[in-house]
2 protein chains.
Amino acid sequence: MKVKIPEATIMRMSVYSRFLADLDRKDIIMISSFDIAERVGVSPVQVRKDFSLFGEFGKRGVGYNVKELHWQILKILSLDASWSVALVGLGNLGSALSSYKGFHERGLIITSIFDNNPGKIGTFINNVEILPMDKLVEVVKYNQTQIGIISVPSEYAQEIANLLVEGGVQAILNFAPVVLNLPREIKLRNVDVTVNLEILTFNSVKIFGEIKRPHNEPLFFA
Amino acid sequence: MKVKIPEATIMRMSVYSRFLADLDRKDIIMISSFDIAERVGVSPVQVRKDFSLFGEFGKRGVGYNVKELHWQILKILSLDASWSVALVGLGNLGSALSSYKGFHERGLIITSIFDNNPGKIGTFINNVEILPMDKLVEVVKYNQTQIGIISVPSEYAQEIANLLVEGGVQAILNFAPVVLNLPREIKLRNVDVTVNLEILTFNSVKIFGEIKRPHNEPLFFA
DNA sequence: TAGATTGTTAATCGATTAACAATC
DNA sequence: TAGATTGTTAATCGATTAACAATC
């Protein structure tokens with residue numbers, strides 16, 4: 001009775017759940033797999049199949065209760081309790097992440113922020129003090145931090161990853177475009193913006209065959 | 001003789017190519033699929049299989065010439081010529097993207113930047129003037145922009161996407177956590193940070209069964 | 001020639017889709 | 001009961017891995 005859950009399913013569950021939160025805010029009571037599918041850009045069967053891997057949440061002939069389904073998915077994603085997150089690196093990207101409201105809404109609580117810029121250390125973001133890197137292990141441990149986010153330059157990413165692991169995190173979300181070496185039990189996800197752009201370049205050319213239009217000098221320019 | 005290329009392959013090609021650029025900078029001449037595999041975190045067969053979808057780039061018994069292979073992959077990804085990219089939304093995330101050097105290195109040229117903040121309009125980033133949104137269609141057209149990057153708040157993302165399409169882009173990279181509705185011929189990729197974090201929460205719990213440790217008050221706190 | 005490593009074909013594994021039975 | 005919609009089983013499709021032949 002042990003089903004393997006495809007990662008693609010988990011990704012979609014996260015998307016469904018955000019859509020359901022939205023419906024709930026709008027006081028919509030029931031929804032069908034067809035409506036979910038349409039708004040989320042997948043097929044209705046896909047939606048039902050995904051749900052079915054975790055249980056039976058709907059009523060045949062009727063659909064799904066929005067509140068109930070939403071709650072079930074949050075439970076599945078373990079977002080029914082909060083998570084302690086450490087953010088390392090407060091450049092532009094780190095700042096964007098630190099101020100992103102979506103995390104807190106979904107129980108992902110940034111409990112510590114680290115940077116090595118003396119001008120930033122000691123200041124606060126959302127009541128969290130920015131600390132120097134040499135406090136990382138200690139603080140991450142104390143906070144029982146489960147997830148570390150790495151948004152430092154590539155050359156420091158591995159070093160930071162090691163510190164996070166030493167501090168006891170279970171999972172790392174890495175924004176640096178490097179391949180990190182981690183103990184197998186640590187969960188890792190990489191978000192790589194360049195890779196995503198390059199997939200687009202590949203796909204775009206496919207459409208137009210081999211033709212590629214060169215671009216002009218920008219219209220508005222220095 | 002028309003092979004379908006898995007998207008996963010394209011992603012890996014992008015990663016291989018960055019690794020090869022690195023090797024080339026270090027004046028390494030030859031490399032084997034084993035060494036590539038190890039450093040990139042996949043299996044050697046995977047590497048060879050990926051390459052084989054596009055041609056034969058290696059010498060049996062010897063390996064691959066770094067320069068040659070690198071160049072071939074850049075050609076495959078259409079990164080042997082430059083791309084005109086428009087960046088819309090200059091919040092923290094947009095700023096991070098605008099200052100990311102990896103793009104330019106790989107022929108992804110940000111030719112225009114748009115924001116609606118009057119304090120930012122008229123200033124320059126890397127010689128590109130920040131323009132108001134109402135110039136978007138015109139400028140994107142003029143620059144023959146192929147790719148648009150959306151880093152505006154979710155509620156404006158669809159509207160901006162429409163303008164980009166009107167301006168003639170072929171592909172959109174969307175950072176707003178919403179499902180965009182686009183003409184089928186427009187290539188779309190979504191980068192969704194929350195989804196990635198939530199996959200980590202799911203995976204972490206799986207490891208520890210149902211046990212989840214609550215977190216303390218932060219050690220360093222306001 | 002022997003050793004190494006590529007490239008390919010076939011087998012396996014995994015995810016999506018189609019068909020349909022169950023049931024509200 | 002008829003219509004709607006879920007949930008599941010089987011079929012298909014796609015991607016990875018294993019085995020091995022080719023060849024430097």
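Order of the sequence lines sets the chain letters (A, B, ...), proteins ahead of strands, with each chain counted from 1. All values below come from the heavy atoms of this structure, side chains included, with hydrogens, waters and symmetry mates left out. Just so it is clear, the model here is predicted, and its values are computed rather than measured.
- Evaluation of the ring-ring contact (aromatic ring centres under 6.0 Å, His included) rule for B/Phe51 yields B/Tyr16, B/Tyr64 as partners, not counting sequence neighbours.
- Between the side chain of A/Asn174 and the backbone N or O of A/Ala176 there is at least one donor-acceptor pair closer than 3.5 Å.
- Base pairing in DNA chain D gives the following stems of 3 or more Watson-Crick or G-U pairs, range against range and under 3.5 Å: C:3-24 with D:3-24.
- Here B/Phe57 pairs with nothing under the ring-ring contact (aromatic ring centres under 6.0 Å, His included) rule; sequence neighbours left out.
- Spacing between atom NZ of A/Lys4 and atom C1' of D/dA15 amounts to 13 Å, rounded to whole angstrom units.
- C/dA15 atom P lies 10 Å from atom CD1 of A/Ile5, rounded to whole Å.
- Rounded to an integer number of Å, the gap from A/Phe57 CZ to D/dT6 C1' is 13 Å.
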Nucleotide by nucleotide, nucleotides 17-24 of chain C touches protein heavy atoms under 4.0 Å in the pattern (B base, S sugar-phosphate only, - none) BB---BBB
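- In this structure, the ring-ring contact (aromatic ring centres under 6.0 Å, His included) partners of B/Tyr100, at least two apart in sequence or on a different chain, are B/Phe103.
- For the pair A/Phe51 CZ and C/dT16 P, the interatomic distance rounds to 14 Å; values are reported in whole Å.
- Taking atom CG of residue B/Asp50 and atom C1' of nucleotide D/dT16, one finds them 10 Å apart after rounding to whole Å.
- The OH-C1' distance, from B/Tyr64 to C/dA4, rounds to 13 Å in whole Å.
- Remark: B/Phe175 pairs with no residue by the ring-ring contact (aromatic ring centres under 6.0 Å, His included) rule, at least two apart or across chains.
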